[in-house]
2 protein chains.
Amino acid sequence: MADGRTSGSISGENLLFLTDEQLRQGIEAMFFAYRGFTADPDRILTDMAYGRAHHRAIHFINRAPGTTVNNLLNILGVTKQSLNRVLRTLIADGLVESRVGQTDKRERHLFLTEDGRTLEGRLSDAQRARMRAAFRDAGPDAVAGFRTVLEAMMDTEMQRTYTRLKESGA
Amino acid sequence: MADGRTSGSISGENLLFLTDEQLRQGIEAMFFAYRGFTADPDRILTDMAYGRAHHRAIHFINRAPGTTVNNLLNILGVTKQSLNRVLRTLIADGLVESRVGQTDKRERHLFLTEDGRTLEGRLSDAQRARMRAAFRDAGPDAVAGFRTVLEAMMDTEMQRTYTRLKESGA
DNA sequence: CAGTTTATGTCAGCCTTGTTGACATTCCAA
DNA sequence: TTGGAATGTCAACAAGGCTGACATAAACTG
């Protein structure tokens, strides 16, 4: 199967979109598009002393204010030690506030400060601008397909996290 | 506009797919899906002493055998120093062969060895399997939309590279 | 055709961000 | 009340980005 020309052509249906060549194009599209996806916020971040990891933390703290470190860990899929380094700098720089939980004092609840929200807005605006342009160029049907495929590419665990965030949103 | 509810609702058309909330969901879908996209090859690679950078190099050398280092640099969008570290280990381990150009002796042309092709197959199979499952679940129309949006998300320079590769393919 | 400029690739060293291991604090249940 | 589980922090290391300095080959220029 490694170099078979079509991988799903056993059936009689029109499965030409499942040929290895089509899949490879999808893989490469994913690779190049992700670069574009991160390019604009990355540019903003390197001007300050931050990286993509800081952006991710800021994004999800903004999305779910008061979230715990542990919850953020599950969303981001990194180790707590790795996240901790990022959080430490964000807290030290006054962009994130960490409050000890009142019911469970082991927990730290995370919030963006005013400065944090300002930076979040800058980063979001940049990233959304590109996404908006892409969505508008592609049209609503293409966008629906885009999201369907992306969801199907996630692990079930990620899907659940994604859906939970989605539903908490609007 | 940073926290406006809709960003494109000036027009009378049905532009509800361009609301900030929809864009944010697209952003998060991209984030989670990319994790899934890289998860399977990553697992294979960490067993050996390689990382995602090695995978990318192997992928595109396989895609365009005989490519020069400089060409690969443009495709991957990293610095030559960064790529060089990866190439050096791949060559040392006998997965990639580097031949001095005959017309222009400054150039090095890159090829996968037999072992290199074997690893490439393993990685490709893993990544394609997930992509195939996602494509099949989503169906051909969704896949078309997926690719349309991803292409619209690339910089024009990347789009050109992507298209060139695509057309050289089948 | 000699000297300079350009193209290409390599080496050294730094930074971000991932990893594992060790540990302090807090909570809860036996 | 004490021992284990949960939560978060600190230290040290590895991968893979980056810039800067440099060697060599090719191309250009007077």
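FYI, side chains are in, hydrogens and waters are out, and symmetry mates aren't considered; it's all heavy atoms of this structure. Note on naming: letters A, B, ... go to the chains in the order of the sequence lines (proteins, then strands), and numbering restarts at 1 for each one. Source: prediction; values computed, not measured.
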Between Y34(B) and F37(B), what is the ring plane arrangement, given parallel below 30°, perpendicular above 60°, and tilted in between?
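Tilted: the ring planes of Y34(B) and F37(B) meet at 30° to 60°.
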Parallel, tilted or perpendicular: ring planes of F60(A) versus F32(B), cut at 30 and 60 degrees
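Tilted, since the angle between the ring planes falls between 30° and 60°.
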[X] side chain N/O closer than 4.0 Å to the phosphate oxygens (OP1, OP2) of [N]?
| X | N | value |
| --- | --- | --- |
| T79(B) | dC18(D) | yes |
| H54(B) | dA15(D) | no |
| N70(A) | dT7(D) | yes |

Residue mapping more 5' on DNA chain C - nearest nucleotide basis, V86(A) or T68(B)
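Of the two residues, T68(B) wins.
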If each of T103(A) and A53(A) is mapped to the nucleotide of DNA chain C with the nearest heavy atom, which maps nearer the 5' terminus, i.e. the 5' end?
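It is A53(A), whose closest nucleotide lies nearer the 5' terminus.
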Short N-O contact, E120(B) and R117(B), less than 4.0 angstrom
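Not counted as a salt bridge, because no side-chain N and carboxylate O are separated by less than 4.0 Å.
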Quickly work out the [X] [atom1] to [N] [atom2] distance and round it to whole Å.
| X | N | atom1 | atom2 | result |
| --- | --- | --- | --- | --- |
| R88(B) | dT8(C) | CZ | P | 20 Å |
| N84(A) | dT16(C) | CG | C1' | 15 Å |
| Q102(A) | dC27(C) | CD | P | 11 Å |
| L87(B) | dC11(C) | CG | P | 12 Å |
| N71(B) | dG9(C) | CG | C1' | 15 Å |
| Y50(B) | dA15(D) | OH | P | 12 Å |
| E107(B) | dT10(C) | CD | P | 13 Å |
| H55(A) | dT16(C) | NE2 | P | 18 Å |

Distance-only, no hydrogens or angles: does the R130(B) side chain make a donor-acceptor pair with backbone N or O of M153(A) under 3.5 Å?
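The answer is yes, because a donor-acceptor pair under 3.5 Å joins these two groups.
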Does the base of dG20(D) carry an N or O that pairs as donor and acceptor with the side chain of Q81(B) under 3.5 Å?
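Check passes, donor-acceptor contact within cut-off.
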Nearest-neighbour nucleotide for the R106(A) side chain, dT19(C), dC27(C), dG9(C) considered
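The listed nucleotide nearest to R106(A)'s side chain is dC27(C).
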Among dT8(C), dG17(D), dT17(C), which is the nearest nucleotide to the side chain of K80(B)?
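For K80(B), the side-chain atoms sit closest to dT8(C).
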Rounded to the nearest 0.5 Å, what separates atom NZ in K80(B) from atom CG in L73(B)?
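Answer for the NZ-CG pair, K80(B) versus L73(B), is 8.0 Å.
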May I ask you to say what R85(A) touches in the nucleic acid, namely base, sugar-phosphate or nothing, with a heavy-atom cut-off under 4.0 Å?
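Base contact.
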Using a cut-off of 4.0 Å on non-hydrogen atoms, how would the nucleic acid contact of K105(A) be classed: base, sugar-phosphate, or nothing?
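Sugar-phosphate only.
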